[in-house]
Amino acid sequence: MYNHKRIEQKWQKYWLDNEIYKADNNSDKEKFYYLIEFPYPSGAGLHVGHVRSYTALDAVSRKKRMMGYNVLFPIGWDAFGSPAEQYAIKNHIHPSKAVTENVKEFKSQIQKLGILFDWSREFSTADKEYYKWTQWQFLKFFEHGMAYKAKKNINWCPVCKVGLSNEDSSGGVCERCGSKVVQKEKEQWMLKMSDYAEQLIEGLDKTEFQERTKTAQINWIGKSLGAEILFDIKDTTDKLKVFTTRPDTLFGVTFMVIAPEHPLIKKYEDKISNIKEVKDYQEFANSKTEFERTNLVKEKTGVKLQGITAINPINNTEIPVYISDYVMMSYGTGAIMAVPAHDERDYEFAKKFNIPIIEVLQQDENKKTDGAMTSDGLHINSGFLNGLNKEDAIKKMIEYLEANKIGNSKVNYKLQDWVFSRQRFWGEPIPLIHCDKCGWVAVPYDKLPVELPTVTEYVPTDDGESPLAKIDSFVNTTCPKCGAPAKRETDTMPNWAGSSWYWLRYMDPHNDKEFVGKDALNYWGMVDYYNGGMEHATRHLLYARFWHRFLYNIGLVPTEEPFKKRVSHGMILGENGEKMSKSKGNVVNPDDMVELYGADALRCYEMFIGDYEKEASWSEAGLRGCRKFLDRVDRLQEKVKDVNNYSPNLEIIINQTIKKVSYDLDNMKYNTAVSALMILLNKMEEQESITKKDYITFLTLLNPIAPHITEELNSKFNDIPICKSSWPEYDENKTKDKTISLAVSVNGKLRATIKVEADTSEEELKKLAFANENVKKFTLDKEIIKVIVVPNKIVNIVVK
RNA sequence: GCCUGUGUGAUGGAAUUGGUAGACGUGCUGGACUCAAAAUCCAGUGAUAGCAAUAUCGUGUGGGUCCGAGUCCCACCACAGGCACCA
């Protein structure tokens with residue numbers, strides 16, 4: 001057993017002293033940019049899940065460096081956020097203090113693992129040198145009309161008197177105090193992300209994300225093709241506009257539904273005879289939280305608008321209008337035409353309110369006895385559409401609508417604008433000032449950053465404003481335009497803001513003139529590999545792509561998309577197969593594992609644990625197995641003879657292993673890379689002796705995964721450390737075995753395996769196959785129909 | 001409900017993309033070394049039958065294509081993740 005503590009300390013110091021980790025901004029070499037999602041420095045410290053992804057990218061960046069690339073592999077800290085804020089309120093300290101302590105702990109844990117992040121580029125999103133530029137970029141959005149203020153409902157805990165994120169209010173209950181969350185209307189800053197829906201879909205073509213990531217994003221954006229149709233409102237000059245994906249069913253409309261918040265109600269208050277009932281319903285709908293509205297209540301509710309009647313433009317039929325919360329103001333036009341015969345929701349509503357149902361599509365054979373028929377079918381009761389299928393009927397209807405100016409084709413997206421305000425203090429202040437005369441005015445660029453005050457007492461307000469609103473010295477200022485007294489915006493940016501451009505800052509982290517220098521942007525270009533959790537496949541990744549695309553559109557960055565490849569590591573579960581959590585008592589602390597088995601063994605195990613992209617259960621026995629493997633590598637040094645060639649016995653398998661490990665590391669197949677090295681080790685142990693070159697090559701191949709012990713062993717035979725030498729190359733001609741075990745099957749069933757020389761002719765293989773005793777048993781008195789020969793693989797004899 | 005994945009020994013997982021299923025690791029069994037244990041080393045380990053050679057079965061289930069299917073096609077079942085009254 002080697003002493004891992006001594007060896008690991010020694011080499012970690014060597015790498016730091018020699019700045020092996022450093023990326024160079026003025027290099028002639030080809031660049032490669034690896035990125036991990038920067039961690040939130042929580043008090044809980046590093047998780048074995050962090051170790052998995054950090055090791056994976058550390059391994060490939062070590063390999064790429066040996067291959068002569070200028071590798072950028074940076075880290076920073078996503079330091080704003082509510083846990084640090086809670087902690088600060090409770091303990092009356094400034095959150096930056098808690099963050100600093102946690103960062104120190106994280107950093108030391110990471111360094112003990114031998115991960116070579118470029119520490120010269122480290123920063124935190126809460127550094128004012130960084131958030132200055134976050135604010136600067138926000139002002140670019142503001143300047144280009146991409147930021148606006150709007151009333152939005154937020155989740156509100158009436159007991160804690162605080163706005164909650166959807167995550168903190170899941171189940172309709174406040175995560176902290178358990179009381180019922182209600183909706184509260186607040187003015188919020190919004191970014192016009194919905195304008196970018198199409199660009200965010202198209203941009204995916206320029207990336208190499210996995211299919212599952214792409215589809216998650218496409219679903220989230222939710223593009224749908226359809227039409228807008230105008231319905232006259234009887235006895236008025238107004239029209240009611242609806243969006244539908246099935247304009248072909250217009251002849252089947254028997255009622256309409258508008259969202260409870262639809263402006264039409266306010267406008268025709270006087271015409272609506274049951275206005276009291278309507279208003280009660282509006283209030284009822286508004287009191288529901290997002291959770292109740294989407295998850296609990298499936299039974300349709302609603303109220304008919306007495307006195308309001310719409311006219312179907314296709315046949316001038318009078319149509320009743322209802323309000324119901326199954327129609328959302330935020331999607332489409334906030335109004336629908338209901339076709340109960342062919343839409344499940346409309347059907348339920350019609351049943352409940354006894355509304356007639358008109359079928360306009362022929363039923364297929366397997367029609368349901370109860371419910372709407374939503375599949376395709378030939379049109380009936382539909383005038384000029386009769387006999388057409390769905391596709392043709394939609395086309396024809398849209399032509400008709402456009403010709404008669406009662407509608408048009410239309411694309412809609414589910415993607416909404418980004419609510420960019422938080423009523424919190426531990427975030428980037430939004431750099432805007434409100435002046436009674438001039439309205440919202442940007443803080444001048446040369447006055448950035450708008451710094452967070454350094455007080456340590458934060459008093460929550462009663463009305464849901466940010467605690468910053470109580471700090472007069474922060475709030476009161478003068479208007480940059482007219483000089484009159486004015487007030488600062490007290491909302492801060494969401495946690496997603498700082499993480500929406502951090503990969504750009506890594507390219508040029510100390511620039512105090514620009515958010516990133518042009519040369520750095522052009523040199524580093526796109527992130528080549530971006531590793532992160534599947535849980536960020538929609539939100540963070542969409543925000544980041546949106547932000548970057550905006551910067552591109554206004555000419556600040558050279559690429560449309562920020563990330564070329566996205567890879568996601570699977571979660572590491574506890575030994576019992578459940579998610580690690582304190583309450584389940586199955587949390588594994590990486591520090592303990594490093595202490596007991598060493599960083600190399602931990603790294604090696606986490607790479608070997610299974611398919612990198614899939615989740616895997618922790619097994620300490622498996623970790624011990626990897627330590628055993630490294631101990632065997634250590635013991636192998638006793639067999640080394642001072643020879644500078646490969647052993648003849650090992651030459652082929654070494655060439656095969658170089659090829660395999662190179663391919664596997666490039667393709668994130670770490671588990672099979674480790675396995676290939678184990679196979680090679682087994683082979684080497686069988687030998688009487690091995691050569692120096694055999695051993696050094698083996699150590700170099702293992703080095704990206706287990707860097708410390710391999711450097712130590714290498715140093716006994718080689719003056720050049722592995723981190724300064726180059727990645728081994730293989731000779732394709734020497735990767736082919738000389739003898740092959742050939743499978744012989746009869747009617748597809750394996751009957752024998754025979755040893756043959758590589759590239760034996762087909763004729764010869766046939767002969768050898770038929771000569772085998774066991775094969776004879778199955779072929780002798782049978783009729784041979786045909787013989788299939790796949791050279792170097794298999795001979796299959798078909799008999800009758 | 002829709003979308004995306006995944007189902008392989010006791011167990012984590014391999015399988016060069018249609019060509020010898022179970023590599024490699026863990027666990028287990030037996031043996032060597034030891035007074036004994038640990039560590040280490042050697043052998044075995046999908047199921048059934050057989051002393052054995054070998055045979056039959058076997059990659060969630062049922063069908064299909066093919067000389068040949070874990071891999072391709074159809075139907076279904078289970079689990080995981082994402083979206084969800086989105087018109």
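So that the names make sense, note that chain A is the first sequence line, chain B the second, and so on, each numbered from 1.
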For [N] versus [M], give the span between their [atom1] atoms, rounded off to a whole number of Å.
N      : M      : atom1 : result
B:rG46 : B:rA53 : P     : 14 Å
B:rU16 : B:rG31 : C1'   : 37 Å
B:rG19 : B:rG70 : P     : 10 Å
B:rA84 : B:rC2  : C1'   : 8 Å
B:rG62 : B:rU11 : C1'   : 29 Å

Shortest side-chain distance from A:Val798, nucleotide among B:rC67, B:rA14, B:rG25: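 The nucleotide sitting nearest to the side chain is B:rC67.
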Atom-to-atom span, NZ of A:Lys766 to P of B:rC67 - whole angstrom: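 One finds 16 Å between P of B:rC67 and NZ of A:Lys766, rounded.
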Atom-to-atom span, CE of A:Met1 to P of B:rC41 - whole angstrom: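 After rounding, the gap between these two atoms is 13 Å.
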Chi angles and distances behind the side-chain hydrogen bond (donor to acceptor under 3.5 Å, both in side chains) call for A:Tyr331, A:Gln416: CA-CA 9 Å; A:Tyr331 183 77; A:Gln416 299 194 13; over 6 Å; no
Would you please confirm or rule out a distance under 4.0 Å between OP1 or OP2 of [N] and any side-chain N or O of [X]?
X        : N      : value
A:Arg627 : B:rA39 : no
A:Ser224 : B:rA87 : yes
A:Lys749 : B:rU20 : no
A:Arg635 : B:rC41 : yes
A:Asn796 : B:rC66 : no
A:Arg751 : B:rA55 : yes
A:Asn412 : B:rA87 : no
A:Asn792 : B:rG19 : no

Sole candidate of A:Leu713, A:Asp600, A:Leu677, A:Val674 that passes side chain to side chain contact (heavy atoms under 4.5 Å, CB included) when paired with A:Leu702: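 Among A:Leu713, A:Asp600, A:Leu677, A:Val674, the one that satisfies the side chain to side chain contact (heavy atoms under 4.5 Å, CB included) with A:Leu702 is A:Leu677.
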First of A:Val790 and A:Ala621 reached from the 5' end of RNA chain B, by closest nucleotide: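 Mapping each residue to its closest nucleotide by heavy atoms, the 5'-most match is A:Val790.
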Closest-nucleotide ordering on RNA chain B, the 5'-leading residue of A:Ala743 and A:Val674: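 The residue closer to the strand's 5' end, by nearest nucleotide, is A:Ala743.
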Over 12 non-hydrogen atoms of neighbours within 6.0 angstrom of CD in A:Glu732: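 More than 12 within 6.0 Å, yes.
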Parallel, tilted or perpendicular: ring planes of A:Phe349 versus A:Tyr322, cut at 30 and 60 degrees: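 The rings of A:Phe349 and A:Tyr322 stand perpendicular, inter-plane angle above 60°.
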Pair A:Lys738 + A:Glu757: basic N to acidic O under 4.0 Å: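 So A:Lys738 does not pair with A:Glu757 through a salt bridge.
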Touch class at under 4.0 angstrom, heavy-atom based, for A:Lys660 against every strand present: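 A:Lys660: no heavy atom of the nucleic acid under 4.0 Å.
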